[in-house]
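Because the structure is a prediction, the values reported are computed rather than measured. Counting from 1, the numbers follow the sequence of the chain as shown.
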Amino acid sequence: MLNEKLLEILSHPADGEVAIVTQGMDGPHVVNTWNSYVNITPDGKMLIPVGGMNKTEKNVKENQLVKLTIGSREVQGLNYKGAGFLITGTARFTKDGAEFDLMKAKFVWARAVLEISIETSVQTL
């Protein structure tokens, strides 16, 4: 089950930034997307539409481990307004199937979907 505070961040109308970190042969690589693009499946996976992310996709083929930071200045955090999470998990890219079709219907520009299986989720703010 996903943390309710994380779900609040993802559903907040004021959009926030998501940073996705992968590890390649040449070191870490960071790419960004928006909170509003993230869709949570009933089994707790994160689905993120992919427009570019070519380097990210290449890295995931070599190493499925990813880290994400997700935050919102508008959601009450641990001590003050502003909440954030560090998420670790495994990733894969999909280009067909029901989850791809779902995301493609919402984001017509998506060439793929980044699916993240969450292993840990720690509130940092």
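At least one side-chain heavy atom of Met53 sits less than 4.5 Å from a side-chain heavy atom of Ile20. Side-chain contact between Leu68 and Ile48 is present, with heavy atoms from C-beta onward closer than 4.5 Å. Counting heavy atoms from C-beta on, the side chains of Val38 and Ile40 come closer than 4.5 Å. The side-chain heavy atoms of His29 and Gln23, taken from C-beta on, include no pair separated by under 4.5 Å. Between Val31 and Lys55 there is no side-chain heavy-atom pair separated by less than 4.5 Å.
Remark: Ala112 engages Val50, Phe93, Lys95 in a side chain to side chain contact (heavy atoms under 4.5 Å, CB included) (not counting sequence neighbours). With sequence neighbours excluded, the residues forming a side chain to side chain contact (heavy atoms under 4.5 Å, CB included) with Asp15 are Trp34, Asn35, Ser36, listed by chain and number.
Rounding to the nearest 0.5 Å gives a distance of 7.0 Å between CG of Leu47 and CG of Leu102. Atom CG of Leu114 is separated from atom CD of Glu57 by 9.0 Å, given to the nearest 0.5 angstrom. Lys106 contributes atom NZ, which lies 4.0 Å from atom CG of Asn39 (distance to the nearest 0.5 angstrom). In this structure, the separation between CD on Gln64 and CD on Glu115 is 10.0 Å, given to the nearest 0.5 Å. Of the inter-residue distances, the one linking Arg111 atom CZ with Lys104 atom NZ reads 10.5 Å to the nearest 0.5 angstrom. Here Ser121 contributes atom OG and Ile70 contributes atom CD1; the two are 8.0 Å apart, rounded to the nearest 0.5 Å.
Hydrophobic clustering, defined by side-chain heavy atoms of Ile, Leu, Val, Met, Phe, Trp and Tyr closer than 4.5 Å, groups Val21 together with Val30. With a 4.5 Å cut-off between side-chain heavy atoms of Ile, Leu, Val, Met, Phe, Trp and Tyr, the cluster of Leu125 takes in Tyr80.
Linking Ile, Leu, Val, Met, Phe, Trp and Tyr whenever their side-chain heavy atoms come within less than 4.5 Å puts Ile118 and Val60 in one cluster. Leu7 and Met46 fall within the same hydrophobic cluster, defined by Ile, Leu, Val, Met, Phe, Trp and Tyr side-chain heavy atoms under 4.5 Å apart, directly or through other members.
Between Gln123 and Ala83, the closest heavy-atom pair is NE2-CB, 4.1 Å. Listed here is the closest heavy atom pair of Val113 and Glu99: CG2-O, 4.3 Å. In terms of heavy atoms, Ser72 sits closest to Ile9 at CB-CG2, 3.9 Å. When all heavy atoms of Asn63 and Leu65 are compared, the closest pair comes out as OD1-N, 3.0 Å.
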key: Verdict with reasoning, Lys67 to Ile87, per side chain to side chain contact (heavy atoms under 4.5 Å, CB included)   = CA-CA 6 Å; Lys67 291 188 178 193; Ile87 296 169; over 6 Å; no

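Under the ring pair (Phe, Tyr, Trp, His ring centres under 6.0 Å) criterion, the residue pairs touching residues 104-125 are Tyr37-Phe107, Tyr37-Trp109, Phe107-Trp109, with sequence neighbours excluded. Pairs engaging residues 50-77 under the ring pair (Phe, Tyr, Trp, His ring centres under 6.0 Å) rule: none recorded [sequence neighbours left out].
Thr88 pairs with exactly one of Val122, Ile116, Thr120 by the side chain to side chain contact (heavy atoms under 4.5 Å, CB included) rule, that one being Thr120.
Heavy-atom contacts from other residues, nucleotides or ligands closer than 6.0 Å to CG of Asp96 number 12 or fewer.
We find that Asp26 and Lys58 are not joined by a salt bridge, their nearest charged nitrogen and carboxylate oxygen being 4.0 Å or further apart.
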